[in-house]
Amino acid sequence: MAEHDSSNFIREIIKSDLASGKWDRVQTRFPPEPNGYLHLGHAKAICVDFGMAEKFDGVCNLRFDDTNPVAEDEEFVRAIEEDVRWLGFAWGNVFHASDYFGKLYAIAESLVERGLAYVDEQSLEEMRASRGTVTEPGTNSPFRDRSPAENLRLLREMKAGKHADGTMVLRAKIDMASDNMMLRDPLMYRIRHIEHHRVGKDWCIYPMYDYAHGLSDALEGVTHSICTLEFDNNRAVYDWLVDKAGYAEPRTRQYEMARLKLQHVMLSKRRLKKLVVDGLVDGWDDPRMPTISGMRRLGIRPEAIRSFVERTGVARADSLVSRDLWESIIREDFNTVAPRRMAVVDPLEVEISNWEGDTEWLDADDWPRDVPKESSRKIPFSKRLYIERGDFSADPPKKWRRLAPGVEVRLRYGYLVTCDEVITDESGKVTKLVCSYDPATRGGDAPDGRKVGGTLHWVSADEAIDREVRLYKPLFTVDVPDAEEDWEAVIDAASRTIVTAKLEPSLKEATANDRFQFERLGYFAPDGDDPKVFHRTVELKSGWNKKPAAAPTRTKPVVQEAVVADYRPTDAASAARFDELVGAGVSEPIAGVLATDADLDALVQEAAKHGAPPVPLANFAVSEVGPRGDRGKLTAKSLADLVSLADSDAINSGAAKKVLDILIANGGEAQAVVDAHGLGQISDTGALAAMVAEVLAQFPDRVAAYKGGRKGLKGFFVGQIMQRTRGTANPQLVQSLLAESLDV
RNA sequence: UGACCCGUGGUCGAAUUGGCAAGACGUCGGGUUCUGGCCCCGAAGGCUCCAGGUUCGAACCCUGGCGGGUCAACCA
């Protein structure tokens, strides 16, 4: 398949971590919980986790997050390993969170000893109530301030099995009033007197996801821990735990990407399970299921899934990928690997009236001319044939290119035939066609060079084999079944139709790994368990009779009231300062920020005393100093000098930013930094004019494009000059020189 | 009603880190064709959510708004 290698934010992060020397290796992990089968969403995670490791010569481990023994099972472990292998990835190691139960527990004791965790005996309800809501802070548990010694004793009792399920938990002591609910003393351990599928009865307390996950990453030496967006809020806990456990930089970091969502596909694990349990589908590997095993059974190849993930990308924006793309990639994958065959799914008998004698075996190519492969097979032609019922019309519409009364068409690799007679039953249904063939057109070409409207697929009635063929539509009728409250109501009862089709005899020996294109019908795959059954993996694209074109909903003219923003703060003191700034000529948005950021404003007021011009100072402080957060070694004096320098055109705005970064990092004096780094502005007209001429000579095509109307290119030319001067050219001057040369 | 995340042609998404708004799918038109597939050529489709600000220059930085998502399991 085509190689697609688009950039994405995680790749960029890894690349820069490697470039900066933060890491000299890459280690990721795929951490499924063994409580169900993997689906398309996991497939994306697998492709990204393993793909990143692959791309950067790192390692990706498989780690089973088996922290909740009530739902987990060995059966799923094996299935997951099989699915990952099938997708074509190789892990470095197989780990289990349960491997770390001992170490995790030791860390928990250490946290307790340091007063960072406590045993809570509130009931579930009490805990829920004291957690607060998203808008109200929580309240501390009455057990929060126990001594470390008591907590340690209780924790050991919990571990020793002295307490019943649900009577107590271990909690991290963070902040019950945090805006981030995840930080309101998250649970670390709960009591479960239940056997674990791997460690048996060794433990009766089990770690929670949040506690186990980040520490497992740290324990394993993971460098980049990739998960989905809904764990965004959990990252704070992740970082807290890894820090408190004593991992210093560089240490594992969590990065979140958007989940994969595909039109008409439901990926809720719980709901998928219900489909299986309730018998709404045939099992986890029903070809209509978005599970990896279901897709495999449908005939989709891992290459297609990997390509799909690569092409839909990795980003942080929620999105819904269209089915068109999905199907197009499956077709692209099949096109060069699936030999062509003929099959009739809805047979209509055709009698060749002038056919004399026996069956004739004709050559048929396995591949169309655009696929660079050569091979062929024999197909039988005889007096009785089947064509597709839909390929005949007694009363054809315009542009009909198939069979109709009196019309001649080509039977692919066979003969040209003409429909002479239509036989119907008493209800008017067509039961048989009587056609005549032209013996001179053997193989499908007319010696006289005459053209026919269309080419049909067909099979010979006597030699054709009967096979069960299953045709599919999406399981759900709506775009986003996951969003549906009553999702069972949107299941498409007609998502699968089973027919007995007539296949050309060469298909008799089809085996599970074969893929075929049944010409004009789609791509098909024999069933893995019973290769006598064929699944239609995907239909061919059809320019004819296509689905009602999704009317491109014109962009809504977002009529938004032009709200005049009020930047004036409400409290008196800030408002006074705001008025003062505005009075001095500072714009309202800038004044608003300064008036409410006491820290920044103090710096500005101090800098003003060193003679910096007030308006540029305010602008620079709010636009550049504020966003940088930590002010490091920047002093009011150096800031004032910097602003003055920029204001006097001694340096340009880009250089000012560079100087600012240096002042923050290293301190020093503005002018000295400018001198040391050669950041003084170049305003030498002669030198710049020469450079302009040079750039224009280097890009004649772009000059032409500019003169042809692409005025946006001006920025490109300016950019070129700025690059050559390391950002120190006087941009206004450059622009006017450019204008002189270009706009004449 | 709080915190956090996210808004780029119909869809998914790039944009060398502030300097030419890529590409793919889809759509439309044409070519080719023994598959109404594939392939080839061409086209349409953008106030980069909105309003301000900063800057020589903003999809990108700042402020405010609008819209979507996530979070109040002893699940992961």
Side-chain angles (χ1 to χ4, degrees), chain A residues 4 6-8 33 35 65 67-68 71 124 127-128 131-136 138 165-166 169 178-182 184 187 189-192 208-210 213 229-234 256 258 263 311-313 315-322 324-325 328-329 331 335 340 368-371 399 401 410 412-413 443-445 452 454-455 457 517 519-520 540-545 549-555 558 560 562-567 587-590 592-593 619-620 622-624 626-627 652-654 702 705 710 712-720 722 730-735:
Chain A
H4 299 273
S6 63
S7 94
N8 65 57
E33 183 189 16
N35 71 342
D65 255 347
T67 57
N68 185 8
L124 223 147
M127 219 176 280
R128 191 169 301 159
R131 189 145 31 218
T133 69
V134 290
T135 51
E136 307 156 46
D165 288 9
V169 295
S178 172
D179 281 322
N180 181 351
M181 298 288 296
M182 293 295 170
R184 320 251 257 228
L187 271 59
Y189 275 93
R190 76 287 221 187
I191 302 172
R192 284 258 194 285
M208 301 288 293
Y209 164 85
D210 274 315
H213 194 85
L229 240 27
E230 70 270 26
F231 292 99
D232 197 354
N233 302 45
N234 300 56
E256 310 87 20
Q263 230 176 9
R311 292 190 21 200
T312 48
R316 281 180 72 86
D318 292 306
S319 60
L320 177 66
V321 179
S322 75
D324 285 330
L325 212 213
S328 135
I329 287 170
R331 287 187 205 108
N335 186 38
R340 314 291 124 125
R369 66 182 188 300
D370 53 279
V371 178
K399 292 193 182 173
R401 286 166 49 184
R410 172 170 32 242
R412 182 151 227 230
Y413 300 124
D445 286 310
V452 292
T455 301
H457 63 277
Q517 182 191 113
E519 299 223 17
R520 304 211 300 137
L540 254 31
K541 194 168 114 184
S542 170
W544 176 256
N545 206 16
T553 43
R554 282 289 71 184
T555 21
V558 190
Q560 214 172 96
V563 185
V564 181
D566 183 10
Y567 297 99
S587 70
E588 294 198 3
I590 298 282
V593 174
N619 287 343
F620 191 76
V622 171
S623 302
E624 304 300 338
N652 66 28
S653 60
R702 273 171 246 245
R710 260 176 87 182
L713 247 15
K714 187 179 75 176
F716 166 77
F717 294 124
V718 176
Q720 287 296 315
M722 296 311 280
N730 179 330
Q732 289 103 312
L733 190 49
V734 170
Q735 297 214 16

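Within every chain, numbering begins at 1; the chains are lettered A, B, ... in the order of the sequence lines, protein sequences first and strands thereafter.
Between B/G2 and B/U8, the distance separating the two P atoms is 25 Å to the nearest Å. Comparing B/G30 with B/G37, their P atoms sit 13 Å apart, to the nearest whole Å. Taking atom P in both B/G42 and B/G19, the straight-line distance is 29 Å, to the nearest Å. Nucleotides B/G36 and B/A14, compared at atom P, are 37 Å apart to the nearest Å. Comparing the P positions of B/A24 and B/A43 gives a spacing of 13 Å, expressed to the nearest Å. B/C6 and B/C74 have their C1' atoms separated by 32 Å, given to the nearest Å. Taking the P atoms as reference points, B/C47 lies 12 Å from B/U11, given to the whole Å. A gap of 25 Å separates the P atoms of B/G57 and B/A15, to the nearest Å.
At whole-Å resolution of the value, CZ in A/Arg369 and P in B/C38 are 12 Å apart. Rounded to whole Å, atom P of B/G64 lies 9 Å from atom OH of A/Tyr567. When rounded to the nearest whole Å, the span between CG of A/Leu320 and P of B/G7 equals 17 Å. Atom-to-atom, CG of A/Leu325 to C1' of B/G13 comes out at 10 Å; the value is rounded to the nearest Å. The distance from atom CG of A/Asn233 to atom P of B/A76 is 17 Å, rounded to the nearest whole Å. If you measure from atom CG of A/Asp324 to atom C1' of B/U11, you get 8 Å, rounded to the nearest angstrom. As a whole-Å value, the separation of A/Asp566 CG from B/G53 P is 15 Å. As a whole-Å value, the separation of A/Met181 CE from B/C71 P is 11 Å.
Nearest to the side-chain atoms of A/Lys541 among the listed nucleotides B/G52, B/A76, B/G26 stands B/G26. Among B/A76, B/A51, B/U35, the nucleotide with an atom closest to any side-chain atom of A/Gln517 is B/U35. Checking B/U35, B/G13, B/G19 against every side-chain atom of A/Gln735, the shortest atom distance belongs to B/G19. Counting only heavy atoms from C-beta on, A/Ala315 has its side chain closest to B/G13 among B/U54, B/G13, B/U35. Counting only heavy atoms from C-beta on, A/Arg710 has its side chain closest to B/C20 among B/C20, B/C74, B/G2. Closest contact between the side chain of A/Lys399 and the listed nucleotides B/A76, B/G36, B/A73 involves B/G36. Considering only side-chain atoms of A/Arg131, the nucleotide from B/C12, B/A72, B/U54 that sits closest is B/A72. Comparing B/A76, B/A24, B/G68 against the side chain of A/Asn68 picks out B/A76 as the nearest. Distances from the side chain of A/Ser7 to the nucleotides B/G26, B/A14, B/U35 place B/A14 closest. With B/C6, B/G37, B/C74 as the choices, the nucleotide that has an atom nearest any side-chain atom of A/Pro368 turns out to be B/G37.
Note on A/Thr67: a side-chain N or O is less than 4.0 Å away from OP1 or OP2 of B/A76. Phosphate proximity of B/G52 to A/Ser587: absent, as no side-chain N or O sits under 4.0 Å from OP1 or OP2. When the side-chain nitrogen and oxygen atoms of A/Arg331 are compared with OP1 and OP2 of B/C38, none of them lie within a distance under 4.0 Å. Remark: A/Arg190 is in phosphate contact with B/A76, judged by side-chain N or O atoms under 4.0 Å from OP1 or OP2. Between A/Arg128 and B/A73 there is a side-chain polar atom (N or O) within less than 4.0 angstrom of OP1 or OP2. At the phosphate of B/G53, neither OP1 nor OP2 sits under 4.0 Å from any side-chain N or O atom of A/Ser623.
A salt bridge links A/Asp232 with A/Arg316: the distance from a Lys NZ or Arg NE/NH1/NH2 to an Asp or Glu carboxylate oxygen falls below 4.0 Å.
A pairwise comparison of heavy atoms in A/Tyr209 and A/Asn234 identifies CE2-ND2, 4.3 Å as the closest pair. Between A/Arg131 and A/Leu187, the shortest heavy-atom distance links the atoms NH1-CD1, 4.4 Å.
Contact of the A/Asn68 side chain with the A/Met208 side chain is not registered, since no non-hydrogen atoms from C-beta on lie closer than 4.5 Å. Taking the side chain as every heavy atom from C-beta outward, A/Val593 and A/Glu588 never approach each other to under 4.5 Å.
A/Gly444 comes within 4.0 angstrom of a nucleotide base, judged by non-hydrogen atoms across all strands. Counting non-hydrogen atoms under 4.0 angstrom, A/Val134 reaches a base of the nucleic acid. Note on A/Met208: only backbone sugar-phosphate atoms sit closer than 4.0 angstrom, heavy atoms only; bases stay farther off. At the heavy-atom level, A/Glu33 lies under 4.0 Å from the strands shown only through sugar-phosphate atoms. Across all strands shown, A/Ser653 has heavy atoms under 4.0 Å from base atoms, whether or not it also approaches the sugar-phosphate. Residue-level contact check: A/Gly712 touches the backbone only, with heavy atoms under 4.0 Å from sugar-phosphate atoms and none from bases.
Between the side chain of A/Arg316 and the base of B/C5, no donor-acceptor pair of N or O atoms lies under 3.5 Å. Side-chain N/O atoms of A/Arg340 and base N/O atoms of B/U35 include a donor-acceptor pair closer than 3.5 Å. A donor-acceptor contact under 3.5 Å is formed by the side chain of A/Asp370 with the base of B/G37. Judged by distance alone with a 3.5 Å cut-off, a donor-acceptor contact links the side chain of A/Arg702 to the base of B/C20. No donor-acceptor contact under 3.5 Å links the side chain of A/Glu588 to the base of B/U63.
Applying the 90° criterion around 0 to the glycosidic angle, B/U33 comes out anti. Regarding the sugar-base torsion, B/A73 falls in the syn class, its angle being within 90° of 0.
Toward the 5' end of RNA chain B, the nearer of the two residues A/Tyr413 and A/Thr135, judged by each one's closest nucleotide, is A/Thr135.
For B/C71, the paired base is B/G2 (Watson-Crick or G-U wobble, both distances below 3.5 Å). Of the nucleotides present, none pairs with B/U48 by Watson-Crick or G-U wobble criteria with both distances under 3.5 Å. Pairing for B/A43 is with B/U27, a Watson-Crick or G-U wobble pair whose two hydrogen-bonding atom distances lie under 3.5 Å. Of all nucleotides present, none satisfies the Watson-Crick or G-U wobble test against B/A76 with each distance under 3.5 Å. The partner of B/A21 is absent, by the rule that a Watson-Crick or G-U pair needs both atom distances under 3.5 Å.
Checking each of A/Met181, A/Glu256, A/Met182 against A/Asn233 for a side chain to side chain contact (heavy atoms under 4.5 Å, CB included) leaves exactly one that passes, namely A/Met182.
A distance-only check finds a donor-acceptor pair linking the side chain of A/Thr133 to the backbone of A/Glu136 [under 3.5 Å]. Formation of a donor-acceptor pair under 3.5 Å by the A/Arg410 side chain with backbone atoms of A/Gly444 is found in this model.
A cation-pi geometry, defined here as NZ or CZ lying under 6.0 Å from the six-membered ring centre and within 45° of its normal, does not hold between A/Arg702 and A/Phe717.
Between atom CG of residue A/Asn652 and atom CG of residue A/Leu733 there is a gap of 11.5 Å, rounded to the nearest 0.5 Å.
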